[in-house]
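Note sheet for the following structure.
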Number of protein chains: 2
Amino acid sequence: MARQDPATTQLKSVRTTFKIVEFLKRETAGSVSEISAHLELPKSTVHSHLATLNQLGYLVNDDGTYRLGYRFVHLGRTIEQSHELRQIVSPTIETLAEETGEQAYFAVEENGLATNVAVAEGENSIRRRFLPGGQARMTSTATGKAILAHLSPERVDEIVRRWGMPPEAPNTITDEDELYTELESIRTAGIAYGRGESIKGVLEIAMPILGDDGRPHGAVEIAGPIKRLDDEAYRETLVDEIETAVNEIEVNLSLR
Amino acid sequence: MARQDPATTQLKSVRTTFKIVEFLKRETAGSVSEISAHLELPKSTVHSHLATLNQLGYLVNDDGTYRLGYRFVHLGRTIEQSHELRQIVSPTIETLAEETGEQAYFAVEENGLATNVAVAEGENSIRRRFLPGGQARMTSTATGKAILAHLSPERVDEIVRRWGMPPEAPNTITDEDELYTELESIRTAGIAYGRGESIKGVLEIAMPILGDDGRPHGAVEIAGPIKRLDDEAYRETLVDEIETAVNEIEVNLSLR
DNA sequence: TAAAGCTATCCGATGCTATCGGACAGCGCT
DNA sequence: AGCGCTGTCCGATAGCATCGGATAGCTTTA
């Protein structure tokens with residue numbers, strides 16, 4: 001008999017607990033019946049999970065409807081604060097957004113996903129706000145591609161196989177060979193662009209932060225509406241600002 | 001036979017998962033053996049929990065040492081952002097800290113604990129930083145007492161029984177009768193003070209936000225070193241600022 | 001006022017599955 | 001080269017998560 005799918009084995013109750021947590025994350029709040037209906041779980045099962053989370057202090061019960069509590073907020077904030085790289089990078093990302101007036105990001109690879117570690121808004125920035133911790137496929141974001149370009153081919157392959165390359169926006173790269181040539185040109189140019197590959201109408205410009213050993217720590221990005229960033233002269237000033245930021249971060253990393 | 005202790009019944013595996021999560025929250029990172037040793041759990045059990053959390057994307061494995069991932073950060077940030085009361089209150093707390101130069105807080109009651117929903121620092125503020133989501137006993141903080149003063153006696157009793165009143169700092173109230181007279185005077189004065197009851201050397205001044213039905217939504221607080229706030233004239237200006245903030249919040253709540 | 005149709009919560013039996021000890025392989029240190 | 005540590009995997013046991021049903025409390029509707 002074939003081995004069980006590793007994604008479905010192990011600690012099923014823990015898995016359903018997080019299914020419930022993620023449901024409440026999406027829906028903000030919910031009753032036992034609602035959760036039970038949407039997740040197709042028996043009411044009594046849902047209830048016992050909710051009761052446990054409530055006892056642990058992670059869940060609040062307002063007259064029959066449950067919502068996630070501030071204990072999770074504290075958990076997340078603690079993780080953020082104890083992340084050294086974020087501490088180093090944050091001020092630079094803040095000023096980058098301030099100087100350019102656009103959105104600025106710093107992202108790292110985590111579990112094969114491009115993960116926003118620091119996010120900042122400029123005065124002209126588009127309204128869609130990505131929260132810290134937001135994750136996206138590496139293959140469809142500029143930060144992701146900038147990082148991928150400096151990972152080993154085996155690791156890139158592993159990530160692509162794990163998360164696939166489905167179309168997310170008009171220009172998403174969905175072909176593996178196309179991705180590899182794109183990564184090659186990113187490597188030589190030292191800069192990655194995303195033109196409506198993750199979200200329609202958004203242009204992203206990203207450069208990697210490389211360690212002394214050549215391994216990528218993460219990537220700095222500026223994102224804005226494709227129309228405004230269409231002007232080549234403006235785009236060049238943005239690239240300049242990104243280079244300054246990258247330089248600053250690399251210095252701060254070596255001084256650590 | 002007596003009923004089982006509700007704190008130890010139900011979903012044991014979920015409970016141990018969160019034990020591990022909270023260990024990693026404290027220690028930033030840890031190996032299987034470390035966690036196994038500190039929590040007195042078999043290595044294989046710890047491993048299967050870690051593997052599950054890793055599969056779910058909440059945990060990152062850096063060469064054998066595990067740490068909590070940015071998925072928890074995103075979870076916490078999402079909860080914060082979808083909390084309406086926090087959205088209303090935050091700007092006021094920010095300006096309160098700015099105007100006074102001290103630390104400013106807004107806290108609510110959650111699971112019987114005073115829970116910081118919004119925190120802000122002024123330029124003179126003490127360095128110890130409370131993160132959003134931080135929780136403390138209601139009986140030892142000014143925000144907690146301000147809220148308790150407007151809850152039903154039964155609810156107060158329930159909370160006190162659940163969390164107890166152990167000494168936390170030199171002046172912590174540890175006697176129930178003393179607490180009740182204190183709450184009575186807070187109710188008539190409309191203001192609560194904490195004088196080194198939670199943390200030595202810190203003075204807290206708090207006022208509740210009350211709904212139309214008289215039930216408390218939360219409390220606004222300013223905290224600072226007892227020495228600086230010892231000056232009565234200065235303290236009065238702070239109380240004035242808090243009153244302004246409370247008024248602003250109550251207006252914004254009624255306009256909702 | 002009464003009763004129907006919700007709801008959340010509780011209970012008890014079944015059999016799945018979390019647990020646990022042990023075995024293995026890989027690594028860095030001595 | 002060998003020792004001692006590590007993380008990971010396996011398999012058997014029984015503990016416990018699951019599930020259906022029963023109950024009680026609430027709001028709505030007649």
Side-chain angles (χ1 to χ4, degrees), chain A residues 1-21 23-24 27-56 58-69 111 154 158 213, chain B residues 1-24 27-56 58-69 111 154 158 162 213:
Chain A
M1 194 179 115
R3 278 193 57 191
Q4 282 256 46
D5 180 4
T8 57
T9 51
Q10 282 182 346
L11 297 248
K12 199 175 145 191
S13 58
V14 174
R15 191 166 267 112
T16 64
T17 283
F18 278 96
K19 263 195 207 135
I20 292 172
V21 167
F23 177 84
L24 291 173
E27 305 291 328
T28 308
S31 65
V32 175
S33 312
E34 270 181 78
I35 300 168
S36 159
H38 281 85
L39 301 182
E40 300 182 26
L41 292 166
K43 280 205 299 180
S44 49
T45 300
V46 171
H47 178 76
S48 80
H49 281 268
L50 292 175
T52 305
L53 282 170
N54 187 34
Q55 273 174 30
L56 291 170
Y58 287 96
L59 210 69
V60 181
N61 182 350
D62 302 335
D63 303 323
T65 99
Y66 291 87
R67 61 176 179 82
L68 300 172
N111 285 320
E154 302 82 45
E158 185 191 333
D213 53 0
Chain B
M1 192 180 115
R3 278 193 60 190
Q4 282 255 47
D5 181 4
T8 58
T9 51
Q10 283 180 345
L11 297 249
K12 199 175 145 189
S13 58
V14 174
R15 189 166 270 112
T16 63
T17 283
F18 278 97
K19 261 195 208 135
I20 292 172
V21 167
E22 282 170 10
F23 176 84
L24 291 173
E27 305 291 328
T28 308
S31 65
V32 175
S33 311
E34 271 182 78
I35 300 169
S36 160
H38 281 86
L39 301 182
E40 300 182 27
L41 291 165
K43 279 204 301 179
S44 50
T45 300
V46 171
H47 178 76
S48 81
H49 281 268
L50 293 175
T52 305
L53 282 170
N54 187 33
Q55 273 174 30
L56 291 170
Y58 287 96
L59 211 67
V60 182
N61 184 350
D62 301 335
D63 304 322
T65 99
Y66 290 86
R67 60 176 179 83
L68 300 172
N111 284 320
E154 301 83 43
E158 184 190 333
R162 177 161 178 195
D213 55 0

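Excluded from the calculations below are hydrogen atoms, water molecules and symmetry mates; all remaining heavy atoms, backbone and side chain alike, are included. A, B, ... follow the sequence lines: proteins, then strands. Residue 1 opens every chain.
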Give A:Ser13 one of three labels, base, sugar-phosphate or nothing, depending on what nucleic acid heavy atoms sit under 4.0 Å from its own. sugar-phosphate

Within the modelled atom types, does a donor on one side and an acceptor on the other bring the side chain of B:Lys43 and the base of D:dG7 under 3.5 Å apart? yes

Nearest-angstrom distance from the residue atom NZ of A:Lys19 to C1' of D:dT18: 13 Å

Taken to the nearest whole Å, CZ/B:Arg15 to C1'/D:dG15 is 15 Å

Residue pair B:His49 / B:Ile20: nearest heavy atoms and the distance that separates them: CB-CD1, 3.6 Å

Provide the closest heavy-atom pair for B:Ser36 versus B:Pro42 in the form atom of the first, atom of the second, distance. OG-C, 4.0 Å

How close do A:Val32 and A:Lys43 get, heavy atom to heavy atom, and via which atoms? CG1-O, 3.7 Å

Of the options D:dC9, C:dT19, C:dC10, whose atoms approach the side-chain atoms of B:Ser48 most closely? C:dT19

Report for the helix from C:dT1-D:dA30 to C:dT30-D:dA1: angle between first-end and last-end helix axes, five pairs each, rounded to 10 degrees. 40°

Would A:Leu24 and A:Ile35 count as a side-chain contact (heavy atoms from CB on, under 4.5 Å) if you check the C-alpha gap in whole Å, the side-chain angles of each, and the deciding distance to 0.1 Å? CA-CA 8 Å; A:Leu24 291 173; A:Ile35 300 168; 4.0 Å; yes

Among C:dT19, D:dC19, C:dT9, find the nucleotide with the atom closest to the side chain of A:Asn61. C:dT9

Nearest heavy-atom pair of B:Asp62 and B:Val60: which atoms, and what distance? OD1-CG1, 3.4 Å

Could you tell me whether A:Asp63 contacts a base, only the sugar-phosphate backbone, or nothing, with contacts defined as non-hydrogen atoms closer than 4.0 Å? nothing

Got a donor-acceptor contact below 3.5 angstrom from the B:Asn111 side chain to the A:Leu59 backbone? yes

B:Lys12 side chain, from C-beta outward: closest of C:dA18, C:dT9, D:dA17: D:dA17

Minimal heavy-atom distance between A:Gln55 and B:Arg162, with the atoms involved, is O-NH2, 4.3 Å

Side chain of A:Thr16 - closest among D:dC9, D:dT18, C:dT9: D:dT18

Apply side-chain contact (heavy atoms from CB on, under 4.5 Å) to the pair A:Leu53 and A:Val21, showing each step before the final yes or no. CA-CA 9 Å; A:Leu53 282 170; A:Val21 167; 3.9 Å; yes

Counting heavy atoms from C-beta on, name the nucleotide in D:dT8, D:dC9, C:dC11 closest to the side chain of B:Ser44. D:dC9

Candidates C:dC10, D:dT18, D:dC19 - which lies nearest the side chain of A:Pro42: D:dC19

Whole angstrom is fine here: how far is it from NE2 in A:His47 over to C1' in C:dC10? 7 Å

Parallel, tilted or perpendicular, as decided by the 30° and 60° cut-offs, for the rings of A:His38 and A:Phe23: tilted

Which parts of nucleotides 24-30 of chain C does protein reach within less than 4.0 Å, heavy atoms only, written one letter per nucleotide 5' to 3' as B for base, S for sugar-phosphate only and - for none? -------

Whole-Å gap separating C1' (C:dT9) and CG (A:Leu59): 15 Å

With respect to the phosphate group of D:dT8, does any side-chain polar atom (N or O) of B:Tyr66 fall under 4.0 Å of OP1 or OP2? yes

Check whether more than 12 heavy atoms from other residues, nucleotides or ligands sit under 6.0 Å from atom CG of B:Asp213, and answer yes or no. yes

A:Asn54 atom CG is separated from C:dA8 atom C1', nearest whole Å, by 13 Å

With a 4.0 Å heavy-atom cut-off, tell me which residues in residues 30-38 of chain A come close to DNA chain D, sorted by residue number. none

Specify the separation, in whole Å, of atom NE2 of A:His49 and atom P of D:dC16. 15 Å

Closest non-hydrogen contact found for B:Ser48 with A:Leu11 is OG-CD2, 3.5 Å

Length of the CG-C1' vector between B:Leu41 and D:dG15, whole Å: 15 Å

Would you mind reading off the distance between B:Leu11 atom CG and C:dC10 atom P, rounded to a whole angstrom? 14 Å

Exam field: side chain A:Thr65 to backbone A:Gly30, donor-acceptor pair closer than 3.5 Å: no

Rounded distance (nearest 0.5 Å) linking atom CG of B:Asp63 with atom CG of B:Asn61: 7.5 Å

